[in-house]
Amino acid sequence: MTSPSSKRSASESISPPPSKRKRSCSPDSFFSDVSESPLYVFLVDAKLNGETIEELISLVDQFNLNDTAKSQTGVELQLSLNAEDADIIVTEVRMRARLERHLDWVTAKQKAIVTTQWLRDSVRSQQLLPCGKYAALGELYEETVHNCPENNCAVDAPSKAKKENTNIRYNHRYACMRNSPLNCPNQVLIKKLAVLRRHRELEGLDVQALSYERAISVLKAFPHHITANDVQQVSDLPHIGPKILSKIEEFIQRGDITECNDILSEARYQSLVAFTEIYGIGPSTARNLYSLGLRTIEDLEKHYKDKDNAKIQATRIQAPAKKTFTSPTSKLRELGLPEMTVKEALLLREDLNVRIPRSEVEEIRDVIMNELGQIRRGCVSMITGGYRRGKIESNDIDIVISHKDLKSGGDEVKGLCATLVKRLYDKGIVTHVMHLSSFRPHNTLRTAHWDSLEKALTVVKLRDNNNNGTGQKQNQKHIHRRLDLIFAAPEVYWTAVVGWTGSIMFERDLRFWAKQEKGMRFDSSGISRRHDSKLYFPKSEEEVFELLGLEWIDPTLRNADM
DNA sequence: CGGCGTACG
DNA sequence: CGTA
DNA sequence: GCCG
């Protein structure tokens, strides 16, 4: 058993004394010494730009969201508003004089004063690292080591506390075997490589795009900032071949990639990027529109002006000679739901490109589940997608829904998806339905259970709080948001949760791993053996990993994409 | 040199 | 082909 | 574009 719960049991079995945060050196107490009060962190904003501050703040959140980090350290990080109340000071300042403009020297001597890298490395290794190596001021090295919250032991203390699975997995071939944090030390490089990837994707070079995607994914898990010293190590990474390595080398030397800038200045690239921002327009359609002479969103608006009924799928310029698509709208028709048109998508474009804060994701979940509760009792749900991976803002909202009654074999949720969507539509919460479908189980011989998964891709818009009466509340204006609802039969709930938590590269490699190394088939409606289609029904997320022979990876470390 | 995730509308 |  |  390598499930996280078995690891955690060490800290749960011993009930800690209600100690004030004072860490002892004994190995036994290392994981069990859970302190009550959070560890206060003060960020000295001098020498930090807005982007970096945002990054550091999100790192603090990330640390707290991470179950493993929490249980290993027993500590929650909290930002402090002033230096005096903080336990640890994080700064890029290196000079006494400069630091004294932000806190007085007497205070400084009572704290651990570390570089921003301490925070990055601590979050990524899921533990509070010794401060010695990260002391921001040489002059305060002794004080920093002494006041370091990690422990009061020797600087190399944590080596004995290394867990078996920590981060020596960064060079694994499969993304589902690597720890991929939300933010990594090489974001700048990755962003530039992502432009090359996007360019190839837009031009229809799917295979090359995939290669860049894999390389980016590997770099995402690389544990430190890449410099000239690391070239050998980087070239040894999987999915980094001669072509991509040369781009990375160029970046190390010049801090930039020529091809990246060339692409960004291409008018064609800019148009294709803009076109594909519209829901339903992909690379192929975008290229066709471009070849018609269209260049801007305004051009598209003109082009689609009169075609009220231009369905989103009918954007193809060169009709496929044969084989008209079976109307994708029949299901919607049955329920009296309108179909999605290009015109609608153009109108929604602005709203849908605005990121969704976590609080609003939760708000929408609450509204949806409240409505669902009025149709069927006993439903369970989980927000998956980027939200579950710890993103501060999401592109869309994914909710996996099932029923607590395992024995019902899916009867309790069968047909619920369409029923709920219809209800939400009638109430004006769901404004658009792009897609409404059901999956079939792989094994067609089985008559016992029907569809094990139902899916709806929708757009929602909550009513604004027109605060008559209370007057106090902020009058927040809601906008359109993308909401995906996935209904899973109880026995495939955990498979669906893993399947919809992502990231995309993580999912691809999960399937690839299952096939290549385990002879299994993984898809969100189930796990099966390839040769005899024997189905498995894991009863927890940990069991899914176990079944596939994978080490547990926390959702916040599944950010294997850009 | 074949394969690259998998399924649906 | 587009989407998750 | 990279891997087995």
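Naming: A, B, ... by sequence-line order, numbering from 1 per chain.
Shown here are the salt bridge (Lys or Arg N to Asp or Glu O under 4.0 Å) partners of Asp484(A), two or more places apart in sequence or in another chain: Arg482(A). Every residue was checked against the salt bridge (Lys or Arg N to Asp or Glu O under 4.0 Å) condition with Asp206(A), not counting sequence neighbours, and none meets it. Annotation: salt bridge (Lys or Arg N to Asp or Glu O under 4.0 Å) contacts of Glu507(A) (sequence neighbours excluded): Arg511(A). For Phe545(A), the ring-ring contact (aromatic ring centres under 6.0 Å, His included) partners at least two apart in sequence or on another chain are Trp552(A).
Met505(A) has its CE atom 12 Å from the C1' atom of dC2(D), to the nearest Å. Between Trp500(A) atom CH2 and dG5(B) atom C1' there is a gap of 14 Å when expressed in whole angstrom units. Glu201(A) has its CD atom 13 Å from the C1' atom of dC1(C), to the nearest Å. To the nearest angstrom, C1' of dC3(D) lies 12 Å from CG of Asp509(A). We find that NZ of Lys455(A) is positioned 12 Å from P of dA7(B), with the value rounded to whole Å. Look at CD1 on Ile504(A): it is 15 Å from C1' on dC4(B), rounded to the nearest Å. In this structure, Phe506(A) atom CZ and dT6(B) atom P are separated by 16 Å, rounded to whole Å. Distance Asp206(A) CG to dG5(B) C1': 13 Å, rounded to the nearest Å.
Put simply, the side chain of Asp509(A) reaches to within 4.5 Å of the side chain of Met505(A), judged on heavy atoms.
Between the side chain of Thr285(A) and the backbone N or O of Ile281(A) there is no donor-acceptor pair closer than 3.5 Å.
The side chain of Thr285(A) lies closest to dC1(C), out of dG4(D), dC4(B), dC1(C).
Atom C1' of dG5(B) sits at a distance of 14 Å from the matching atom of dT3(C), rounded to the whole Å.
A sub-4.0 Å separation between OP1 or OP2 of dT6(B) and a side-chain N or O of Arg530(A) is present. Side-chain nitrogen and oxygen atoms of Arg511(A) include none within less than 4.0 Å of the OP1 or OP2 phosphate oxygen of dC4(B).
Counting any heavy atom pair closer than 4.0 Å across all strands shown, Asp484(A) reaches sugar-phosphate atoms only and no base atom. Among the heavy atoms of the strands, none lies under 4.0 Å from Leu510(A). Heavy atoms of Arg287(A) sit nowhere under 4.0 angstrom from any nucleic acid atom.
DNA chain B is contacted by Val207(A), Leu210(A), Arg214(A) of residues 207-217 of chain A, taking any non-hydrogen atom closer than 4.0 Å. For residues 237-257 of chain A, proximity to DNA chain D is found at Pro238(A), His239(A), Ile240(A), Gly241(A), Pro242(A), Lys243(A), Ile244(A), defined as any non-hydrogen atom under 4.0 angstrom from a strand atom.
Counting only N and O atoms by type, the side chains of Gln270(A) and Arg295(A) include no donor and acceptor under 3.5 Å apart. No side-chain donor-acceptor contact under 3.5 Å links Arg389(A) and Thr556(A).
Residues His435(A) and Gln516(A) both approach DNA chain B. Their nearest nucleotides, taken by heavy-atom distance, put Gln516(A) toward the 5′ side.
Between Phe222(A) and His224(A), the gap from one ring centroid to the other is short of 6.0 Å.
A salt bridge links Glu259(A) with Arg200(A): the distance from a Lys NZ or Arg NE/NH1/NH2 to an Asp or Glu carboxylate oxygen falls below 4.0 Å.
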